[in-house]
Amino acid sequence: MRIGYPCINRSIGCTPSMTFRLASYSEERFLSTVAANLACLQKILTYNVEHGLLFLRITSDLVPFASHEVCTFPWQEHFSDTFHDLGVYCRDHGFRISMHPDQFVLLNAPDEGVLRRSIDELAYQTSVLDLMGLDRAAKVQIHAGGVYGDKAASMDRFVENYTRLDPAIRARLVIENDERLYSVADCRVIHQRTKIPIILDVFHHALNSQGEPLAEVLSALSKTWKKYDGLPMVDYSSQQQGKRQGAHAEHIVPEDFTLFLQDSQPFDYDLMLEIKDKEKSAALALALAAGDPRLVTRAV
DNA sequence: GGCAGTCAAGTACGC
DNA sequence: GCGTACTTGACTGCC
């Protein structure tokens, strides 16, 4: 079990998610932004090695507008050495890496334009991991998509579109249960037809499920990950008190997290903490997990 | 320097 | 059919 947090670090003074308005697009702006983002990503990796946090989600904004038609610059070639170096650093230090396209990426969209843009975005995110030379255990996670008034037909469309994807994308794609539309049970139906691995989002499962116990779910989902996919990934967060149901908490709740570690025994997984204060809660989680035989904080 | 409104992209839902 | 909520960090224009 590696522990990590998503995308940005609040204490190192840079962000790998620098972007700009579409109206401000220029090649100069694009190049300087990507260069700064990549430099910041290296800083975050270094910080994480020093703090024993070996699971990192890379931000979708690393290369702004990468999948947009406005971006015609061959950034893959231009930055290939930098990506390569980042990848070597990740491998040397035993990192697990993931990416998570946002809500606009819908593999089951009935609209052809939405589908095409979604696939373009998946191609971009996949290519980042490919350029870094990471193996198949580095994943791109999405939700199953929309319902569009007919869930069965929408799941059929997911399966169809998934099957037609470039193998390079398919090798990295995994799906995650969401808090409203597609539960773990729904994802398992899609898995049966595609063999796509399933990420468990513990918080979403609490909000959208038939109450299947954690151990039962982990047991089933672990089997959807092949050896070359790496350990299963799990997203963890908790409810922000006083906010709308589903709102992510600002800080980790130590008692809940300790309980989760106990309840998830004996399953092993890499854990992504979707908590707003990022590396701060991740450090606390590490402390709470100290002594857990599953925990890994440095390259072996 | 600080603040409020806005931002490439989509869907679901209430009225 | 239309407007709004969802989610969220960063940009941008205005004071």
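Every heavy atom of this structure was used, including side-chain atoms; hydrogens, water molecules and symmetry mates were not. First the proteins, then the strands, lettered A, B, ... as listed; each starts at 1.
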>> As a test of reading the structure: which of dT8(C), dT11(B), dC11(C) is closest to the side chain of Lys276(A), going by heavy atoms?
In response: dT8(C)
>> For Asp277(A), is there an ion pair with Arg10(A) - N to carboxylate O distance below 4.0 angstrom?
In response: no
>> In this structure, how many angstroms lie between the C1' atom of dT8(C) and the CZ atom of Arg10(A), rounded?
In response: 10 Å
> Within this structure, what is the CZ-to-C1' distance between Phe65(A) and dC11(C), rounded to whole angstrom?
Replying inline: 10 Å
>> Work out how far the P atom of dA10(C) is from that of dG10(B), and round it to whole angstrom.
In response: 23 Å
>> The side chain of Leu106(A) is closest to which nucleotide in this list: dT11(B), dC11(C), dA10(C)?
In response: dT11(B)
>> Do Leu86(A) and Val49(A) sit in one hydrophobic cluster, given that two such residues count as connected whenever their side-chain heavy atoms are within less than 4.5 Å of each other, even indirectly?
In response: yes
> Of the nucleotides dA12(B), dA10(C), dA9(B), which one has an atom closest to the side chain of Leu181(A)?
Replying inline: dA12(B)
> Which nucleotide in the set dC7(B), dT11(B), dA9(B) lies at the smallest distance from any side-chain heavy atom of Arg21(A)?
Replying inline: dC7(B)
> Within this structure, what is the CD-to-C1' distance between Glu250(A) and dG9(C), rounded to whole angstrom?
Replying inline: 13 Å
>> To the closest 0.5 Å, what do you measure between CD1 (Ile252(A)) and CG (Leu288(A))?
In response: 6.5 Å
> Linking I/L/V/M/F/W/Y whenever their side-chain heavy atoms sit closer than 4.5 Å, directly or via other members, would Phe79(A) and Val88(A) fall into one cluster?
Replying inline: no
> How does the hydrophobic cluster around Tyr148(A) look, that is, which other residues are in it when side-chain heavy atoms under 4.5 Å mark a link?
Replying inline: Leu106(A), Val114(A)
> Is there aromatic stacking of Phe104(A) against dG10(B), centre distance under 5.5 Å, plane angle under 30°?
Replying inline: no
>> Side-chain N or O of Ser67(A) versus OP1/OP2 of dA8(B): is the shortest distance under 4.0 Å?
In response: no
> Do any side-chain nitrogens or oxygens of Ser24(A) fall under 4.0 Å of OP1 or OP2 in dC11(C)?
Replying inline: no
>> I'd like the C1' distance from dA12(B) over to dG9(C), given in whole Å.
In response: 24 Å
>> Taking the P atom in each of dG5(B) and dT4(C), what is the distance between them to the nearest angstrom?
In response: 14 Å
> When the distance from CG of Asp102(A) to C1' of dA8(B) is rounded to whole Å, what number comes out?
Replying inline: 10 Å
> Could you state the CD1-P distance from Ile44(A) to dG9(C), rounded to the nearest angstrom?
Replying inline: 13 Å
> Given dA9(B), is OP1 or OP2 found less than 4.0 Å from the side-chain N or O atoms of Arg116(A)?
Replying inline: no
>> So Val147(A), base contact, sugar-phosphate only, or nothing? Heavy-atom distance under 4.0 Å.
In response: sugar-phosphate
> What's the closest nucleotide to the His248(A) side chain, out of dT8(C), dA10(C), dA8(B)?
Replying inline: dT8(C)
> What is the distance from atom CZ of Phe83(A) to atom CD of Gln76(A), rounded to the nearest 0.5 Å?
Replying inline: 8.0 Å
> Out of dA9(B), dT11(B), dA10(C), which has the shortest distance to the side chain of Ser17(A)?
Replying inline: dA10(C)
>> In whole Å, I'd like the distance from the NZ atom of Lys151(A) to the P atom of dT11(B).
In response: 16 Å
> Closest to the Ala109(A) side chain: dT11(B), dA8(B), dT8(C)?
Replying inline: dT11(B)
> Would you say His143(A) reaches dT11(B)'s phosphate, i.e. side-chain N/O to OP1/OP2 under 4.0 Å?
Replying inline: no
> Picking from dA12(B), dT11(B), dA10(C), which would you name as closest to the side chain of Thr19(A)?
Replying inline: dA10(C)
> Gln103(A) has an atom CD; how far is it from atom P of dC7(B), in whole Å?
Replying inline: 15 Å
> Within this structure, what is the CG-to-C1' distance between Leu107(A) and dT11(B), rounded to whole angstrom?
Replying inline: 16 Å
> Which part of the nucleic acid, if any, lies within contact of Thr59(A), taking any heavy atom under 4.0 Å across all strands shown: a base, the sugar-phosphate backbone alone, or nothing?
Replying inline: nothing
>> For dT8(C), give the paired nucleotide (Watson-Crick: N1-N3 plus N6-O4 or O6-N4; G-U: N1-O2 and O6-N3; both under 3.5 Å), or none.
In response: none
>> Could you check whether Arg172(A) pairs with Asp130(A) (Lys NZ or Arg NE/NH1/NH2 to Asp/Glu carboxylate O, under 4.0 Å)?
In response: yes
>> Checking base pairs now: Watson-Crick or wobble, both atom distances under 3.5 Å. What partners dG3(C)?
In response: dC13(B)
>> Can you check the distance between dC7(B) and dG3(C), where both ends of the measurement are the P atom (answer in whole Å)?
In response: 16 Å
